[in-house]
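Below: one structure, written as structure tokens.
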Amino acid sequence: MALIFSPSVKMSMLSIFILFFSFPLTILSAPTLKSFPVPSGGPESIIFNPTGGFFTGVNDGRIVKYSKGAGWVDFAYASPTRTEKKCGGTTDSALGNICGRTLGLGMNYKTRELYLADAYHGLCVVGPKGGQAKQLLSSAAGLPLKWLDGIDVDQTTGNVYFTDVSTAYNLSQVQQHLATGDSTGRLIEYNVKTKKERVLLTGLKGAGGAGVAKDGSFVLLTEFTGNRITKYWLKGPKANTAELLMNISGPANVKRTQNGEFWVALNVPGKINIPTGMRMDGNGKILEKVSFGVPYNNTFITEVHEHHRKLYISTLYVDFYAVYRYSRP
């Protein structure tokens, strides 16, 4: 399905620009943010374990788990050919087919299954004991999954929603993807009962984050190079249609909060990049913006995740994640 926008919800780039920069901005600095090292680096996304701790994917193809007391331990991996000798500690994207590179993580909290959006090995799943993940999909609608990124799980149905950045390029070809203005990204649904996929949207520019509504009625989708956030309806009279919520610079991952709002990681252009978290509701209303200075400075961030009155900030481009003790305004 091609991307179709309702005219009633279209907003101009200028009006969104004014809205974004006129909204109060909280700027955080070194004393406010605390950073913590991650083995092998590159933690794009974090998912919390209901029994404690959290998981993240790292550069060398592992999914690692952090918990108090134990610290970091190996938990899972997507690639059946990964070996520690070949892959341990690597940051070489050319080894992605061998080592794997999981970017997005989503969890079914009823079954405690962890779903992996792996850039080279498609959609995978691993049980609560970890180990070798099972590949669920390597293609969709006859086209290979070239570069999976964002992912989320509908906690009612168990269905999985994820993005494929491009059908033309993979993660190791990011420069070509950007240089050509590639717009072959997709939003895809995986039905856990039928074990079939359904392509919901095509023609996306840098398909990034996917966040399912608390009631499962819609998915929020970001396009990093398309500079927009879209709402795709799953239920109700608007089911199977998409609405443009806003045009905004550099949106990356989307993470839903416990009360049903969303955090979007933004990268705001200027003389330098301004890594920013934006809290919004499902109708596109901006509720808050938080700018992360030190330790990120000019670094692009990929995710902001709220958990127990803290914001966890992560990115592909550094070897740590940062935590901010957070009080809602």
Side-chain angles (χ1 to χ4, degrees), residues 1-17 19-20 45 103-104 106 117 140-141 147-154 159-167 177 181-190 197-257 260-268 276-287 289 302-304:
M1 174 183 176
L3 186 58
I4 303 172
F5 296 124
S6 168
S8 64
V9 296
K10 288 187 177 180
M11 302 179 69
S12 71
M13 290 290 285
L14 178 60
S15 63
I16 290 298
F17 181 89
L19 175 63
F20 186 80
S45 179
L103 299 178
W147 180 356
L148 296 199
D149 188 18
I151 189 169
D152 200 8
V153 178
D154 184 331
N159 291 343
V160 183
Y161 297 87
F162 60 96
T163 59
D164 190 10
V165 177
S166 171
T167 61
H177 166 70
D182 177 50
S183 59
T184 61
R186 301 182 288 175
L187 173 66
I188 303 167
E189 174 192 73
Y190 176 74
E197 84 282 1
R198 181 168 68 112
V199 177
L200 305 180
L201 291 174
T202 60
L204 305 178
K205 295 189 70 173
V212 181
K214 193 172 183 178
D215 64 359
S217 61
F218 63 84
V219 182
L220 286 193
L221 164 75
T222 64
E223 292 173 78
F224 186 79
T225 52
N227 297 313
R228 60 190 176 189
I229 300 175
T230 299
K231 182 178 186 176
Y232 182 89
W233 289 95
L234 299 170
K235 299 177 182 177
K238 296 182 180 179
N240 302 316
T241 66
E243 295 181 1
L244 175 64
L245 291 187
M246 66 179 74
N247 294 105
I248 199 160
S249 295
N253 286 352
V254 182
K255 283 295 180 182
R256 191 185 67 248
T257 66
E261 297 168 349
F262 299 88
W263 279 98
V264 179
L266 296 176
N267 296 279
V268 182
T276 301
M278 180 180 71
R279 182 165 59 90
M280 62 178 287
D281 67 16
N283 295 316
K285 181 181 179 180
I286 299 173
L287 305 173
K289 301 194 313 293
T302 49
E303 185 172 285
V304 178

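Computation of the quantities below employed the complete heavy-atom set of this structure, encompassing side-chain atoms and omitting hydrogens, waters and symmetry-equivalent molecules.
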Which value, rounded to the nearest 0.5 Å, describes the distance between [X] atom [atom1] and [Y] atom [atom2]?
| X | Y | atom1 | atom2 | answer |
| --- | --- | --- | --- | --- |
| Phe224 | Thr163 | CZ | OG1 | 13.0 Å |
| Leu220 | Leu245 | CG | CG | 6.0 Å |
| Thr222 | Leu266 | OG1 | CG | 9.0 Å |
| Asn240 | Leu234 | CG | CG | 8.0 Å |
| Thr230 | Leu200 | OG1 | CG | 12.5 Å |
| Asp154 | Tyr161 | CG | OH | 5.5 Å |

Exercise. Test Leu221 against Tyr232 for side chain to side chain contact (heavy atoms under 4.5 Å, CB included), laying out the working first.
Key: CA-CA 7 Å; Leu221 164 75; Tyr232 182 89; 6.0 Å; no

Under the 3.5 angstrom rule, does the side chain of [X] hit a backbone N or O of [Y] as a donor-acceptor pair?
| X | Y | answer |
| --- | --- | --- |
| Lys235 | Asp215 | yes |
| Glu223 | Lys205 | yes |
| Asp281 | Asn283 | yes |
| Ser183 | Gly203 | no |
| Asp164 | Gly185 | no |

Self-check item: Option among Arg279, Lys214, Lys255, Lys285 that satisfies the side chain to side chain donor-acceptor pair (under 3.5 Å) test with Glu261
Solution: Arg279

Of all the heavy-atom pairs spanning [X] and [Y], show the shortest one and how long it is.
| X | Y | value |
| --- | --- | --- |
| Gly150 | Ala117 | O-CB, 4.4 Å |
| Trp263 | Thr257 | CD1-CG2, 3.5 Å |
| Trp233 | Phe218 | CA-CB, 4.1 Å |
| Ile151 | Gly106 | CG2-N, 3.6 Å |
| Gly104 | Ser45 | CA-CB, 4.2 Å |

Quiz item: With sequence neighbours excluded, what pairs up with Ala141 under the side chain to side chain contact (heavy atoms under 4.5 Å, CB included) test?
Solution: Arg186, Val199

Quiz item: Does some side-chain heavy atom of Val254 sit less than 4.5 Å from a side-chain heavy atom of Val264?
Solution: yes

Quiz item: Would you call Asp149 and Thr302 a side-chain contact if the rule is heavy atoms closer than 4.5 Å?
Solution: no

Quiz item: Hey, mind stepping through Leu148 and Leu103 against side chain to side chain contact (heavy atoms under 4.5 Å, CB included) and telling me if it holds?
Solution: CA-CA 7 Å; Leu148 296 199; Leu103 299 178; over 6 Å; no

Exercise. Return the orientation label for the Trp147 and His177 ring planes: parallel under 30°, perpendicular over 60°, tilted otherwise.
Key: perpendicular

Quiz item: Step by step, would you call Lys231 with Glu243 a salt bridge (charged side-chain N to carboxylate O under 4.0 Å, His left out)?
Solution: CA-CA 5 Å; Lys231 182 178 186 176; Glu243 295 181 1; 5.4 Å; no

Practice problem: Taking salt bridge (charged side-chain N to carboxylate O under 4.0 Å, His left out) as the test, write out the residues that go with Arg256, two or more places apart. | Solution: Asp152

